[in-house]
Amino acid sequence: MAMVDANTTTVQQGETKTTIVRPIAKFPPSLWGDRFLSFDLDNLELDDCVAAMKEPSDEIQRLIVDPDMDSNEKLRLINCVCRLGLSYLFIKDIECQLEKLFKELNMEEYNEFDLYTTSVNFLVFRQHGYKLSCDVFNKFKDVSTGKFKEHITSDVKGMLSFYECTHLGIRGESILDEALAFTESYLKGVVDTLEGTLAQQVKQGLKFPCQRGLPIVEARLYFSNYEQECSAYDPLPKLAKAHFSYFQLMQKDELSKLTQWSKDMNFQTIATYTRDKMPELYLWVLAVFLEPRHVEARFITTKVAQLVLVLDDTFDAYATIEELRLLTDAISRWEISCMEQLPEYIKPFYQIILNEYAEWEKQLAKEGRENVVYASKKAFQELARAYLREAEWRHSGTVPSFQEYYENGLATSTYNLLGKSCLIGMGKIVDEEALAWYDSHPKILEASELIARLHNDVVSFEFEREREHRATGIDAYMKTFGVTEDVAVKELKEMIENAWKDINEGCLKPTKVSMDLLYPIVNLSRVIYVAYRFNDGFTFSDLTLKDYISLLFEASVPV
């Protein structure tokens, strides 16, 4: 846990000396230093990876569209392709095949399928927006007792796949709620008795279900843990290895450039109190945008995330309430003339905010898309005002009502800002209609914000209390509903689970916007789940994110 320090600064003002008490949190130092700063991309090596992908990619494409392949086998193949992070290479073929298979679906056939086959089918269809009914699992329940039949527990792979399915449910699907408790209890009970890759599969599934894990990390772990399943299709391991090598080269190059940008901006000098987290921020955004074509979106969104991090730490762990009021006013006015009112230490940061957004406006004005930058800028201003409201509660010792906290917390989750910032680099797919949909604050976006805010609260409220922060979601819930801390934590966790169900429902066909616009929202939620499921894994990244950063950017790709 980070140490807390009531830091004091003495400022000479004429004949008067003023002592400023700052609420400094002694965040842990960067785990990485300049480790990722220097990287020389070998374009010939990159070309070799692309060439190595060509033949196995063509072979996999032929398998996906093979009209003679059994439907269950085809769904297993598609499952492997997707979990390896390769689906974008075959997206049109996969969608065409799934639409055909779903139309030809014969529900009576599911009476003959085993638990594993039923679960894989459900998983693939639901992950692609097809609402295969959860009734397919009814046959695994005992009619007389209403409980799941004990004999299905002999199929560990089937139980694990069934467990994964339970994370794709929507509100009202009680059988999936029951199945989650049933499968999770069983898997936790047997995991220590398992051996080999099956043990690793179950351990990883219990830690982070595939539906909520970081896509790029899940792909690497799937390749390691599901070697037998991947090898069932000869070209797949070869394609996956070349693809991982290709990705790693690109990602190390991008991380190096972003690390250099952060160094050039001098963040660690102008804001010595802030967390030094560029690799973690890049991993965060990489989880949102897996495909190579989204390189611009990754750069812009990571830069916005860095600006948010400095803003957050300024509000939370350094500035006085008077300074925060001045900073919020300056951000709300968004004018260079506001520099005059700011404390000296915050002026360079304010200048960076103005400069970066001005550059994006200039860049997108050429495409007639500067309105997307304006949307991000507006969200940035809303975030600053929400941070200030939170700071005012802290300053006055006020614990707000839960409704007040919740409404403000949707903004302080940062996910409205990050979601809209994702749109800047996504190209012409973000038209006026798409932006209007975002501005309507749809249910799926609110669910993502709720998950981000409350997940953070549930794991970090004890640390916040050490720093005399009483305006957490836990405290607000306890005050409003007159419940104990344990009850408040339990209720917030239930709200988080229901929000996941809303996200699942928002991705079912027919969707109001394309999945290209929905995926950033879904993937942002996944990052929060992984980073904050057990602890504040972002601030204390040695607990979770360190291993994933090492896996992606340092570990050798399997050969």
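These values consider heavy atoms only, across backbone and side chains, with no hydrogens, waters or symmetry-generated copies. Keep in mind that this is a model prediction, so the values were computed, not measured.
- Between the CZ atom in Phe137 and the CG atom in Leu132 there is a gap of 7.5 Å [rounded to 0.5 Å].
- Relative to the six-membered ring of Phe289, Arg298 misses at least one condition, a distance below 6.0 Å or an angle of at most 45° to the axis.
- Considering only residues two or more places apart in sequence or on other chains, Glu184 meets the salt bridge (Lys or Arg N to Asp or Glu O under 4.0 Å) condition with Lys188.
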Can you give each donor-acceptor pair under 3.5 Å made by side-chain atoms of residues 444-454, sequence neighbours left out, with the distance rounded to 0.1 Å?
from, atom 1, to, atom 2, distance (Å)
Glu446, OE2, Tyr406, OH, 2.7
Ser448, OG, Ile521, O, 3.4
Ser448, OG, Ser525, OG, 2.9
Glu449, OE1, His441, NE2, 2.6
Glu449, OE2, His441, NE2, 3.2
Arg453, NE, Tyr405, OH, 3.3
Arg453, NE, Asp457, OD1, 3.4
Arg453, NH1, Thr412, O, 3.4
Arg453, NH1, Thr412, OG1, 3.1
Arg453, NH2, Asp457, OD1, 3.1

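- Taking the salt bridge (Lys or Arg N to Asp or Glu O under 4.0 Å) definition, one finds that Glu229 meets it with Lys157, sequence neighbours left out.
- With sequence neighbours excluded, the residues that form a ring-ring contact (aromatic ring centres under 6.0 Å, His included) with Tyr226 are Tyr222.
- Under the side-chain hydrogen bond (donor to acceptor under 3.5 Å, both in side chains) criterion, Ser376 pairs with Tyr357, Ser421, not counting sequence neighbours.
- Arg126 and Glu173 are joined by a salt bridge, as a carboxylate oxygen and a charged side-chain nitrogen come within less than 4.0 angstrom of each other.
- Taking OG1 from Thr301 and CG from Leu423, the interatomic distance works out to 8.5 Å, rounded to the nearest 0.5 Å.
- Relative orientation of the Phe208 and Phe534 rings is tilted, given thresholds of 30° and 60° on the angle between their planes.
- Put simply, the side chain of Lys139 gets close to the backbone of Tyr110: a donor and an acceptor are under 3.5 Å apart.
- Residues passing the ring-ring contact (aromatic ring centres under 6.0 Å, His included) test with Tyr273, sequence neighbours excluded: Tyr318.
- When all heavy atoms of Lys420 and Asp439 are compared, the closest pair comes out as NZ-OD1, 3.1 Å.
- The list of salt bridge (charged side-chain N to carboxylate O under 4.0 Å, His left out) pairs with a residue in residues 205-225, not counting sequence neighbours, reads Arg212-Glu497.
- Looking at residues two or more places apart in sequence or on another chain, you find no salt bridge (Lys or Arg N to Asp or Glu O under 4.0 Å) involving Asp135.
- Residues forming a side-chain hydrogen bond (donor to acceptor under 3.5 Å, both in side chains) with Lys509 (at least two apart in sequence, or on another chain): Glu95.
- Partners of Arg526 according to the salt bridge (Lys or Arg N to Asp or Glu O under 4.0 Å) rule, which considers only residues two or more places apart in sequence or in another chain, do not exist here.
- A donor-acceptor pair is defined here as one N or O able to donate and one able to accept, closer than 3.5 Å; no such pair exists between the side chain of Thr183 and the backbone of Phe162.
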Side-chain atoms of residues 278-285: list all donor-acceptor pairs with protein atoms under 3.5 Å, sequence neighbours left out, distances to 0.1 Å.
from, atom 1, to, atom 2, distance (Å)
Glu280, OE2, Trp32, NE1, 3.0
Glu280, OE2, Ser541, OG, 2.8
Tyr282, OH, Glu254, OE1, 2.6
Trp284, NE1, Tyr415, OH, 3.2

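- When the side-chain contact (heavy atoms from CB on, under 4.5 Å) test is applied to Thr153, the partners found at least two apart in sequence or on another chain are Glu150, Met159, Phe182, Tyr186.
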